[in-house]
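As a basis for the values below, the full set of heavy atoms in this structure was taken, side chains included, without hydrogen atoms, waters or symmetry mates.
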2 protein chains.
Amino acid sequence: MTAKLKRQENRKRSRLLLIEATLDSLAEVGFARTSVSEIVERAKLSRGMIHLHFSSKDKLLEEAARHASASYFDDLEQLLDKSGNSPQEKLEAVIKSDLSDNVLNKRSVRIWFALRGEASVSQAIARYSDTRDKKLYDLIFDAFLDIAIASKVNEPGAVARDATHGSLALLEGMWTDFFLHPDSFNRGSALRIIFRILSNMFPRYFNLEGAVKSPLNDMVA
Amino acid sequence: MTAKLKRQENRKRSRLLLIEATLDSLAEVGFARTSVSEIVERAKLSRGMIHLHFSSKDKLLEEAARHASASYFDDLEQLLDKSGNSPQEKLEAVIKSDLSDNVLNKRSVRIWFALRGEASVSQAIARYSDTRDKKLYDLIFDAFLDIAIASKVNEPGAVARDATHGSLALLEGMWTDFFLHPDSFNRGSALRIIFRILSNMFPRYFNLEGAVKSPLNDMVA
DNA sequence: ACATTCAATGAACGATCGTTCATTATATGC
DNA sequence: GCATATAATGAACGATCGTTCATTGAATGT
């Protein structure tokens with residue numbers, strides 16, 4: 001029984017080695033130069049392995065994209081679990097995770113942009129090149145809706161929708177900024193900008209540092 | 001004399017044909033499949049032309065990137081010339097240009113993202129894959145600084161800097177959104193979101209539709 | 001009209017691409 | 001311990017890659 005597991009485990013390990021080698025290659029030499037030779041050399045496996053485990057190079061790229069996407073959402077969810085329960089604290093957690101070194105670093109951002117460059121011509125890759133899925137959108141929207149209603153703004157639904165879309169666009173823009181200027185990018189500055197915008201939209205719920213934990217107390221005081 | 005011009009003109013025309021064919025290829029089949037064969041077939045020129053005019057495929061790609069970048073800034077400047085003189089009207093012009101069909105369309109955005117995918121491994125391409133140059137940054141910053149000072153906010157310099165960086169990030173994010181979902185993207189919605197954010201930062205200078213032309217009158221009234 | 005100049009052509013090159021498959025190595029089941 | 005199953009190998013294939021260059025054709029200058 002343990003023997004059988006060993007074979008399966010080796011198989012799994014080889015698959016993962018190839019996926020990681022592919023992602024390393026994408027990050028270091030880009031999509032165009034990520035060849036079968038490049039990948040198997042990095043994985044230190046033989047040439048035939050890609051077709052044995054993934055049937056083709058394209059399928060491997062698809063699996064690598066899926067892997068990168070899953071890692072992103074896993075990291076995000078893990079960091080979200082640590083957040084407070086108030087809507088503004090949840091939003092703070094999403095934003096700070098999305099700009100944390102775990103999620104946003106040279107390797108990850110190069111992988112994302114390399115994959116995205118091909119997303120418009122490969123439906124398979126396009127499926128995994130969007131960091132903004134429905135679950136994340138809903139989480140953010142619900143939080144903003146709570147705040148918009150509590151803030152008694154006009155048309156809270158429209159405000160929450162725009163705040164959600166705007167925040168996601170801001171984060172995407174910050175990613176692009178990081179990608180294009182990784183060495184001069186300043187995480188603190190990016191966070192302050194986003195929270196400044198949010199504090200202008202919802203002054204009782206955000207300040208330049210992030211979420212205001214107990215806005216009701218502030219109001220009463 | 002006219003004869004000499006004809007030869008020069010043909011030369012120029014061939015160069016441009018190759019550049020346009022390269023950009024078409026990038027938009028339609030992506031960076032990885034943009035080969036010499038693909039390009040010369042689209043340009044309907046012979047195989048040797050790329051090396052005659054550009055010395056190598058890489059140099060052609062660099063020239064194509066330069067061309068795309070120049071087109072972007074030309075379009076932007078042309079649309080800016082039509083804008084009003086108040087800072088909020090200039091900002092409105094930049095934002096509306098940047099999201100106009102001339103500047104942001106399926107072809108242009110696919111070209112940008114295809115090039116950016118390679119920017120991290122090609123310094124030559126990286127030079128032209130940033131839409132946010134110093135001139136544009138300064139224009140936006142100066143406009144926000146005027147508004148920030150007139151609005152009598154605390155630390156107008158810091159506010160203007162964050163508003164500039166934030167607006168550019170928002171625009172980049174909207175571009176990404178358009179790239180990933182070109183058919184469901186809504187220009188009006190994107191504009192409203194940006195102006196909603198700006199109207200929250202500077203209520204007397206922006207509303208959901210764009211710039212408030214005469215904020216001083218509003219104040220007096 | 002003719003010689004000169006140079007843009008344009010496309011066959012051919014070696015290198016590398018993604019893929020195939022006969023062979024080898026190793027884990028598994030009896 | 002041996003037969004079986006399957007993971008892993010890497011040489012070889014045809015296709016395509018970017019590049020070279022001898023040749024052609026048309027514009028130019030006298």
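We find that CD1 of B:I50 is positioned 12 Å from P of C:dT9, with the value rounded to whole Å. Separating the CZ atom of B:F54 from the C1' atom of D:dG18 is a distance of 16 Å, rounded to the nearest angstrom. Straight-line distance from the CG atom of A:L60 to the P atom of C:dT19: 10 Å, rounded to whole Å. Here D:dA7 presents its C1' atom at 17 Å from NZ of A:K12, a figure rounded to the nearest Å. Rounded to an integer number of Å, the gap from CG of A:D58 to P of C:dC17 is 15 Å. Atom-to-atom, NZ of A:K44 to P of D:dA8 comes out at 17 Å; the value is rounded to the nearest Å. B:N10 has its CG atom 15 Å from the C1' atom of C:dT5, to the nearest Å. Atom CG of B:L18 is separated from atom C1' of D:dT19 by 15 Å (rounded to the nearest Å).
A:L52 comes within contact range of at least one nucleobase, with a heavy-atom separation under 4.0 Å.
Contact check on B:R127 versus B:E63 returns no salt bridge, with no Lys/Arg side-chain nitrogen under 4.0 Å from an Asp/Glu carboxylate oxygen. Note on A:K90 versus A:D142: no salt bridge recorded, every NZ/NE/NH1/NH2 to OD/OE distance being 4.0 Å or above.
The base of D:dT6 is not paired with the side chain of A:R11 by any donor and acceptor separated by under 3.5 Å.
Side-chain proximity of A:S46 to D:dA8, C:dG10, C:dG18: nearest is D:dA8. Comparing D:dA27, D:dG10, C:dA8 by their nearest atom to the side chain of A:R47 picks out D:dG10. Minimum atom distance to the side chain of B:R7 is reached by D:dA27, of the listed D:dG18, D:dA27, D:dT19. Among the nucleotides D:dC17, C:dT5, C:dA8, the one closest to the side chain of B:M49 is C:dA8. Each of C:dT19, C:dA7, D:dA7 was ranked by its minimum atom distance to the side chain of A:H51; first place goes to C:dT19.
Looking only at atom types and distance, the side chain of A:Y72 has a donor-acceptor partner in the side chain of A:D98 under 3.5 Å away.
Checking each of A:K106, A:R42, A:R33 against A:E28 for a salt bridge (Lys or Arg N to Asp or Glu O under 4.0 Å) leaves exactly one that passes, namely A:R42.
Contact between the side-chain N/O atoms of B:S37 and the OP1/OP2 oxygens of D:dG18 is not found at any separation under 4.0 Å. Note on A:S14: a side-chain N or O is less than 4.0 Å away from OP1 or OP2 of D:dA8.
Of the two residues contacting DNA chain C, namely A:E38 and A:G48, the nearest-nucleotide position lying further toward the 5' end is that of A:E38.
In this structure, B:R132 satisfies the cation-pi test against B:W175, with its NZ or CZ atom closer than 6.0 Å to the six-membered ring centre and inside 45 degrees of the ring normal.
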